Colleague: 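Questions regarding the structure given below will be posed in turn.
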Amino acid sequence: MDSKEGLSVNEVSVRFGGLVALDRVSLEAPPRQVLGVIGPNGAGKTTLFNVMCGFVKPDSGTLTYFGKQVHGLRPEKLTRMGVARTLQGLGLFSRMPVLENVMIGADSQAKVGVLRALLGAGPTVTEERRLRAAAMEALDRLGVAAYAAKMPPQLPYAIQKKVALARALVSNPRFLLLDEPASGLSEGEMADLGDLILELSGDLGVVLVEHHMDLVMRVCSNITVLDFGRVIAEGTPAEVKANPLVTEAYLGDEVGA
Ligand SMILES: Nc1ncnc2c1ncn2[C@@H]1O[C@H](COP(=O)(O)OP(=O)(O)OP(=O)(O)O)[C@@H](O)[C@H]1O
Ligand SMILES: [Mg+2]
């Protein structure tokens with residue numbers, strides 16, 4: 001593991017009280033490829049993402065990024081270093097315009113919107129201008145710049161998903177962690193998302209947590225399978241599909257279909 005270029009999780013365990021959410025999990029997200037992480041509900045996928053972006057500190061094990069130990073770093077620091085993620089669901093602030101929702105992803109939250117209002121202290125004009133421009137660019141890249149001034153609840157779900165993705169992209173990440181980006185999308189929107197993920201992986205590493213197997217099998221070069229907090233299989237989509245342990249744990253009919 002511990003590659004000089006990737007984001008690696010090494011023997012990570014996370015416990016919530018008596019529950020072992022992750023049990024000595026290791027995986028490596030390589031640059032410019034899509035790594036899939038699949039497994040049944042409650043397998044530990046989101047917890048794994050929380051560790052990879054610094055939201056949750058592992059009870060044991062390490063996180064390395066470009067060969068450096070980074071576990072224990074705060075999420076903002078990891079974002080600045082190039083690790084961004086989307087949240088399961090949307091995670092958008094419903095009373096904040098789309099543009100500001102995206103700006104929040106650009107740097108530490110203290111610099112914009114919510115906290116600015118709370119603290120009565122804001123970013124400098126130049127900083128604010130820079131953040132706005134970066135947020136517009138991210139929205140534009142995903143074809144949703146026209147909605148910048150709208151409030152998220154006014155928009156169709158698929159557009160809101162793109163706004164959430166723009167928020168992750170605005171920090172110019174080297175690694176992007178996508179937690180169920182296809183949930184709630186139609187077949188056509190999911191196909192477009194697949195194209196987008198493949199395009200993004202031309203210059204950044206993507207880790208994809210998804211229950212939609214067609215999408216996973218199409219875009220991932222490798223897949224890690226979790227079950228009850230443990231890695232039960234890994235390999236190419238074809239290897240994972242053919243692995244009886246995986247079929248037993250989770251895939252079954254979905255892969256056969
Ligand atoms: N903050 C927490 N406190 C206590 N238990 C938690 C916490 N977060 C997650 N868990 C538990 O840890 C286990 C793993 O949850 P996690 O959300 O990582 O699973 P998941 O694979 O993302 O599931 P899903 O497919 O439903 O999103 C579950 O049993 C869950 O109930
Ligand atoms: Mg989850």
Side-chain angles (χ1 to χ4, degrees), residues 7-29 34-63 71-75 78-79 83-92 105 157 160-161 164-165 167-168 173 175-185 190 193-194 197 205-220 222-235 237 240-241 243 245-255 257:
L7 177 62
S8 306
V9 170
N10 318 291
E11 295 278 314
V12 158
S13 295
V14 172
R15 285 173 215 96
F16 295 115
L19 180 103
V20 182
L22 293 177
D23 188 2
R24 284 170 294 139
V25 168
S26 296
L27 60 77
E28 178 168 356
V34 186
L35 171 70
V37 176
I38 64 172
N41 292 119
K45 305 177 298 293
T46 297
T47 305
L48 176 66
F49 269 15
N50 286 340
V51 168
M52 291 172 85
C53 73
F55 276 156
V56 164
K57 290 197 185 16
D59 293 299
S60 58
T62 60
L63 181 68
H71 59 283
L73 291 188
R74 295 169 59 80
L78 276 166
T79 306
V83 182
R85 60 98 56 93
T86 61
L87 298 168
Q88 191 169 344
L90 287 166
L92 298 175
Y157 191 76
Q160 294 190 54
K161 286 288 250 193
L165 181 56
R167 174 195 280 175
F175 283 89
L176 178 63
L177 316 179
L178 299 174
D179 199 349
E180 301 197 20
S183 67
L185 298 187
M190 216 180 295
L193 175 67
I197 291 173
V206 178
V207 189
L208 174 67
V209 163
E210 235 336 306
H211 287 292
H212 291 91
M213 287 308 131
D214 289 351
L215 177 64
V216 171
M217 298 294 163
R218 177 182 159 212
V219 302
C220 296
N222 275 288
I223 298 173
T224 294
V225 189
L226 290 179
D227 193 22
F228 294 111
R230 290 191 180 176
V231 174
I232 58 158
E234 51 200 342
V240 162
K241 245 188 206 181
N243 188 324
L245 279 178
V246 178
T247 321
E248 240 172 71
Y250 167 56
L251 295 172
D253 298 337
E254 282 178 79
V255 163

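Quick caveat: nothing in here was measured; it's all calculated off a predicted structure. We count ligands from 1, going down the list as the structure has it; atoms in each ligand are counted the same way.
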Colleague: Test of understanding: with side-chain hydrogen bond (donor to acceptor under 3.5 Å, both in side chains), list the residues that count as partners of R24, not counting sequence neighbours.
Modeller: none

Colleague: Quick one: which ligand 1 atoms are inside 4.0 Å of a heavy atom on E180?
Modeller: 25 (O), 27 (O)

Colleague: Side chain of D59, backbone of R15: donor and acceptor closer than 3.5 Å?
Modeller: yes

Colleague: Please say which of V206, L208, L165 ends up in a side chain to side chain contact (heavy atoms under 4.5 Å, CB included) with P181.
Modeller: L208

Colleague: Any non-hydrogen atom of G39 lying under 4.0 Å from ligand 1?
Modeller: no

Colleague: Any atoms of ligand 1 less than 4.0 Å from a non-hydrogen atom of N41? List them with their elements.
Modeller: 23 (O), 24 (P), 25 (O), 26 (O)

Colleague: If we ignore hydrogens and angles and just use 3.5 Å, is the side chain of D179 paired with the main-chain N or O of V209 as donor and acceptor?
Modeller: no

Colleague: Return the number of protein N, O or S atoms with a distance to the Mg ion (ligand 2) smaller than 2.8 Å.
Modeller: 2

Colleague: Tell me which one of G42, A21, G17 gets a heavy atom nearest to atom 23 (O) of ligand 1.
Modeller: G42

Colleague: Among all protein heavy atoms in this structure, tell me which lies nearest to atom 16 (P) of ligand 1, with the distance rounded to 0.1 Å.
Modeller: T47 OG1, 3.6 Å

Colleague: Does atom CZ (R218) have a neighbourhood of more than 12 heavy atoms from anything else shown, all under 6.0 Å?
Modeller: yes

Colleague: Quick check: does F16 get an N/O under 3.5 Å from an N/O on ligand 1?
Modeller: no

Colleague: Pick from T47, V12, V9: which one makes a side chain to side chain contact (heavy atoms under 4.5 Å, CB included) with P58?
Modeller: V12

Colleague: Could you pull out the closest heavy-atom pair between V25 and G229, with the gap in Å?
Modeller: CG2-O, 3.2 Å

Colleague: Report yes or no: does K45 contribute a side-chain atom to a donor-acceptor pair with the main-chain N or O of V37 at less than 3.5 Å?
Modeller: no

Colleague: Check whether any side-chain N or O of S26 sits under 3.5 Å from a backbone N or O of E11 as a donor-acceptor pair, and report yes or no.
Modeller: yes

Colleague: For atom 25 (O) of ligand 1, which protein heavy atom lies nearest, and how many Å away is it?
Modeller: K45 NZ, 2.7 Å

Colleague: Counting each atom of ligand 1 from 1 as listed, which ones have a heavy atom of Q88 under 4.0 Å away?
Modeller: 27 (O)

Colleague: Output, in order, the C-alpha distance, side-chain angles, deciding distance and verdict of side chain to side chain contact (heavy atoms under 4.5 Å, CB included) for L92 and R167.
Modeller: CA-CA 9 Å; L92 298 175; R167 174 195 280 175; 3.9 Å; yes

Colleague: Give the numbers and elements of all ligand 1 atoms closer than 4.0 Å to a heavy atom of H211.
Modeller: 25 (O)

Colleague: May I ask you to decide if M52's main-chain N or O and R85's side chain share a donor-acceptor pair within less than 3.5 Å?
Modeller: no

Colleague: Looking only at protein heavy atoms, which one is nearest to atom 17 (O) of ligand 1, and what is the separation?
Modeller: T46 CB, 3.8 Å

Colleague: Students should be able to answer this: which protein heavy-atom is nearest to atom 11 (C) of ligand 1, and at what distance?
Modeller: L19 CD2, 3.4 Å

